[in-house]
Amino acid sequence: MPTPAGRHFLQIPGPTNVPDRVLRAIDRPTIDHRGPEFQRLGQEVLEGLKAVFQTRQPVIMFPASGTGAWEAALVNTLSAGDRVLMYETGQFASLWKAMAERLGLAPEFLAVGDDPWRRGADPQAIEARLAQDTAREIKAVCVVHNETSTGVTSRIAEVRRAIDRAGHPALLMVDTISGLGSVDYRHDEWGVDVTVAGSQKGLMLPPGLSFNAVSEKALAATRSSRLPRSFWSWQEMLGPNRNGFFPYTPSTNLMYGLREALAMLQEEGLANVFARHQRHAEATRRAVRAWGLEIQCLDEAEHSPALTAVRMPEGWDEAAYRKVVLEHFDMSLGSGLGKVAGKVFRIGHLGDFNDLTLIATLAGCEMGLALAGVPHRPGGVAAAMNWLADAHRAASPGTFVTRS
Ligand SMILES: *Cc1c(COP(=O)(O)O)cnc(C)c1O
């Protein structure tokens with residue numbers, strides 16, 4: 001098979017397209033990770049990361065995929081047999097819970113309604129469950145901020161307020177692996193104790209780095225936590241990190257890329273980055289509705305700015321549809337995961353992404369629907385184009401040429 005011409009469209013919700021600037025930054029010699037040049041790099045990225053997490057606390061970085069940072073969050077703060085309240089939002093919440101079980105914790109999976117995979121975490125349900133826990137046995141509440149399997153975001157600030165209303169001391173741990181860098185996230189303001197993130201989604205990097213942002217309360221919890229940890233130990237990291245160094249060999253070249261990605265986010269301005277993804281998410285939803293297809297997320301307040309999960313018409317298989325799109329248009333769309341395998345496909349609009357990337361992505365989706373014979377109405381791309389043009393017009397009124 002010849003290599004297809006042009007760029008592959010990687011529109012899965014992670015890994016995402018790595019911008020040329022980041023690729024070029026990575027393409028440099030690996031240096032001595034105990035030397036002065038590395039030290040400057042280490043200090044710069046560890047400090048620069050705080051802005052994306054919106055925290056003043058340390059951010060701990062592991063040479064690992066996001067799953068590693070999930071494990072680090074649990075093993076640094078908890079002990080065998082500890083109860084943890086985990087909220088069922090989708091496949092990633094389910095995988096985190098399975099990990100908690102394997103680590104010897106006692107997770108309780110909270111879900112509300114008959115289809116929890118279509119909504120975010122319910123703050124009232126969390127409050128009610130914590131209020132029942134008069135013996136204070138629950139040590140942590142774990143929520144996925146941007147559930148990548150469903151395209152639903154949870155309202156983390158409201159979850160924090162729910163925990164506070166219950167007067168419960170549990171730690172709040174949040175996975176924003178696919179949100180960070182594309183979706184507004186405020187570690188300090190929202191009172192999150194441990195935030196889990198990764199490099200290959202909103203941060204526009206290749207896979208291979210993951211992060212924990214921590215609170216003082218989370219750091220204090222390490223002293224009483226008894227789960228075994230070595231590679232994942234925050235304490236082992238924080239000592240050398242103070243001088244920009246790491247206890248073992250860090251991913252030097254990914255850190256060059258991270259420095260560049262952080263610079264790109266700062267140059268655009270985080271508020272503008274978040275608004276850009278909101279705009280693309282809205283345009284995507286307009287396209288999906290114009291096609292007459294259903295969006296997985298049911299609550300208007302919980303649509304993900306990073307990806308949209310689309311339900312196939314009854315009896316139509318998403319895998320067969322995605323195969324048509326890949327073979328004809330060299331575009332990868334996200335598969336259905338876990339309970340929604342076969343039923344849902346996902347359009348990633350996170351990371352390095354602009355209006356025309358979106359329109360091309362939606363065009364690939366719409367042509368694919370036609371080619372695969374999936375029942376739909378045409379006009380999704382046009383609906384998205386109209387909405388984007390309107391958004392530009394509204395953002396700069398008076399700058400458009402009119403006929404006199
Ligand atoms: C991608 C993802 C993960 C898993 O991260 P890996 O880097 O694949 O280990 C966990 N949670 C969410 C929400 C994700 O999107």
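Because only heavy atoms are used, hydrogens play no part in the values below, and waters and symmetry mates are left out as well, while side chains stay in. Note that the numbering runs from 1 along the sequence shown for the chain.
- The main-chain N or O of T357 is found under 3.5 Å from a side-chain atom of N354 such that the two form a donor-acceptor pair.
- Interatomic distance, L238 CG to R242 CZ, rounded to the nearest 0.5 Å: 6.0 Å.
- Applying the salt bridge (charged side-chain N to carboxylate O under 4.0 Å, His left out) test between R118 and each of E302, E88, E294 identifies E294 as the sole match.
- There is a side-chain donor-acceptor pair under 3.5 Å between S178 and N146.
- Between T77 and S225 the shortest heavy-atom distance is C-CB, 3.3 Å.
- Between W70 and D175, the side chains place a donor N or O and an acceptor N or O closer than 3.5 Å (distance only, hydrogens not considered).
- Y87 and F109 have their aromatic ring centers separated by at least 6.0 angstrom.
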### Message
Determine whether D27 and R24 satisfy the following criterion, salt bridge (charged side-chain N to carboxylate O under 4.0 Å, His left out), listing intermediate values before the conclusion.
### Response
CA-CA 5 Å; D27 181 11; R24 282 198 292 269; over 6 Å; no
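- Between Y321 and W316, the distance separating the two ring centers is not shorter than 6.0 angstrom.
- Side-chain contact of T308 with H349: a donor-acceptor pair under 3.5 Å is present, judged by distance alone.
- Rounding to the nearest 0.5 angstrom, the gap separating the CG atom in L337 from the OG1 atom in T150 is 10.0 Å.
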Would you give me the side-chain donor-acceptor pairs under 3.5 Å for residues 90-100, sequence neighbours excluded?
| from | atom 1 | to | atom 2 | distance (Å) |
| --- | --- | --- | --- | --- |
| S94 | OG | G90 | O | 2.8 |
| K97 | NZ | E101 | OE2 | 3.1 |

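- Distance check, rounded to the nearest 0.5 Å: CZ of R346 to OG1 of T148 gives 7.0 Å.
- For the 3.5 Å distance criterion, the side chains of T153 and H145 fail to qualify, holding no donor opposite an acceptor.
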### Task
Would you check, one step at a time, whether the test salt bridge (charged side-chain N to carboxylate O under 4.0 Å, His left out) holds for E282 with R279?
CA-CA 5 Å; E282 174 66 39; R279 184 169 82 240; over 6 Å; no
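- The minimum heavy-atom distance linking L205 with L254 is given by the pair CD2-O, 4.2 Å.
- The distance from atom CG of L180 to atom CG of L203, rounded to the nearest 0.5 Å, is 5.0 Å.
- No side-chain N or O of W117 forms a donor-acceptor pair with one of E147 less than 3.5 Å apart.
- H33 and F245 have their aromatic ring centers separated by at least 6.0 angstrom.
- With sequence neighbours excluded, no residue forms a side-chain contact (heavy atoms from CB on, under 4.5 Å) with K343.
- To the nearest 0.5 angstrom, L85 atom CG is 12.5 Å from E137 atom CD.
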### Message
Would D184 and Q54 count as a side-chain hydrogen bond (donor to acceptor under 3.5 Å, both in side chains) here? Give the steps.
### Response
CA-CA 9 Å; D184 193 6; Q54 306 194 49; 2.9 Å; yes
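- The closest side-chain heavy-atom distance from K201 to I177 is below 4.5 Å.
- Between the side chains of Q43 and N243, not a single donor N or O lies within less than 3.5 Å of an accepting N or O.
- Within a 6.0 Å radius of CD in Q124, no more than 12 heavy atoms belonging to other residues, nucleotides or ligands are found.
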### Task
For the pair E37 and R40, evaluate salt bridge (charged side-chain N to carboxylate O under 4.0 Å, His left out) and give the outcome as yes or no after the intermediate values.
CA-CA 5 Å; E37 189 185 342; R40 283 191 295 276; 5.6 Å; no
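- For the atom pair E189 CD and I156 CD1, the distance stands at 13.0 Å (nearest 0.5 Å).
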### Message
What verdict does the side chain to side chain contact (heavy atoms under 4.5 Å, CB included) test give for F9 and F329, after you've listed the backbone C-alpha separation in whole Å, the side-chain angles of each residue and the deciding distance to 0.1 Å?
### Response
CA-CA 8 Å; F9 266 66; F329 306 113; over 6 Å; no
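- A cation-pi arrangement is found for R28 relative to Y256, the charged atom lying closer than 6.0 Å to the ring centre and inside a 45° cone about the ring normal.
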### Check against side-chain hydrogen bond (donor to acceptor under 3.5 Å, both in side chains), D188 and T55
CA-CA 5 Å; D188 286 1; T55 184; 2.6 Å; yes
